[in-house]
Amino acid sequence: RDLFLAKRKDVQDYILKILSLLPSTTVLVLYERGIPDARMGLFKKLKKPGISQEFLVPTGERLRRWVRKRAGELGGEISDDGLQELFSALNITDRPQTGMIGGQSIDLWLINSELEKLIAYNPHITKESVRQLTLPIGGVRIFDLTDAFMAGNLAEMSKGIEQALSSGVDPLYLLATLANTARTMI
């Protein structure tokens, strides 16, 4: 994670060295929270056609289209005010240039989970149904809490839980969401 942003040349050189030893059936996944420096040797090597595939998180209007499309794939639809209310509850603002929300990346898993829940209740998602079923998370990213737990970073997890609870997240909701996310990841 964040191999390019950390700019650890020793690690990048090591990966460059072992890339030639990997069989063609190997799938290597590198995750970056930002845009990598395209001038780095490892980036240039991985960017060659047929070697890499980039998955950008949608932002701005692309994110709105993605949510609408995903709702349709799940057998539902979301109204304009329902979409705006969902973004508000999940602390999502349109920032098309950065792909970030308050310094954090957009969590498509969380959006998808909320869509699944809302569509299970009623396939026609409205502002009212979002208000009824989606608890505002106040900028707390549940996945980050689970990620900290899985990494054994109890200090970060404790800080996130404290932030969630102080921002009004229901403790049982928080526990259920963390348990469900952890179960899905295992």
From CD1 (I161) to CD (E156), nearest 0.5 Å: 11.0 Å
Flag yes if V130 and Y121 sit in one hydrophobic cluster, no otherwise; membership is Ile, Leu, Val, Met, Phe, Trp, Tyr, and two members link when side-chain heavy atoms are under 4.5 Å apart. yes
Taking all non-hydrogen atoms of both residues into account, name the closest pair between R68 and L83 and its distance. NH2-CD2, 3.6 Å
With sequence neighbours left out, the residues meeting salt bridge (charged side-chain N to carboxylate O under 4.0 Å, His left out) with D81 are none
Do K159 and E162 meet the salt-bridge criterion of a basic N to acidic O distance under 4.0 Å? no
Here the gap from I18 atom CD1 to D13 atom CG, rounded to the nearest 0.5 Å, amounts to 12.0 Å
If you look at every heavy atom in L86 and E114, which pair is closest and at what distance? CD1-CB, 4.0 Å
Looking only at heavy atoms, the pair that brings P123 and G75 closest together is CB-O, 3.6 Å
Please report the interatomic distance OG1(T134) to CG(L90), rounded to the nearest 0.5 Å. 6.5 Å
Taking atom CZ of R70 and atom CD1 of I78, what is their separation to the nearest 0.5 Å? 13.0 Å
If you take all heavy atoms of K117 and L133, which pair is closest and at what distance? NZ-O, 2.8 Å
How close do P58 and L108 get, heavy atom to heavy atom, and via which atoms? CD-CD1, 3.8 Å
With no hydrogens and no angle check, is any side-chain donor or acceptor of S129 less than 3.5 Å from a backbone partner on T126? yes
Verify the cluster assignment for Y14 and L22: are they in a single hydrophobic cluster under the rule of side-chain heavy atoms below 4.5 Å apart? no
Residue pair D80 / Q84, side-chain donor-acceptor N/O under 3.5 Å: no
Rounded at 0.5 Å granularity, tell me how far CD1 in I125 sits from CG in L115. 5.0 Å
Quick check for you: to the nearest 0.5 Å, what is the distance between S88 atom OG and R131 atom CZ? 8.0 Å
What pair of heavy atoms forms the shortest contact from W66 to I111, and how long is it? CZ3-CG2, 3.8 Å
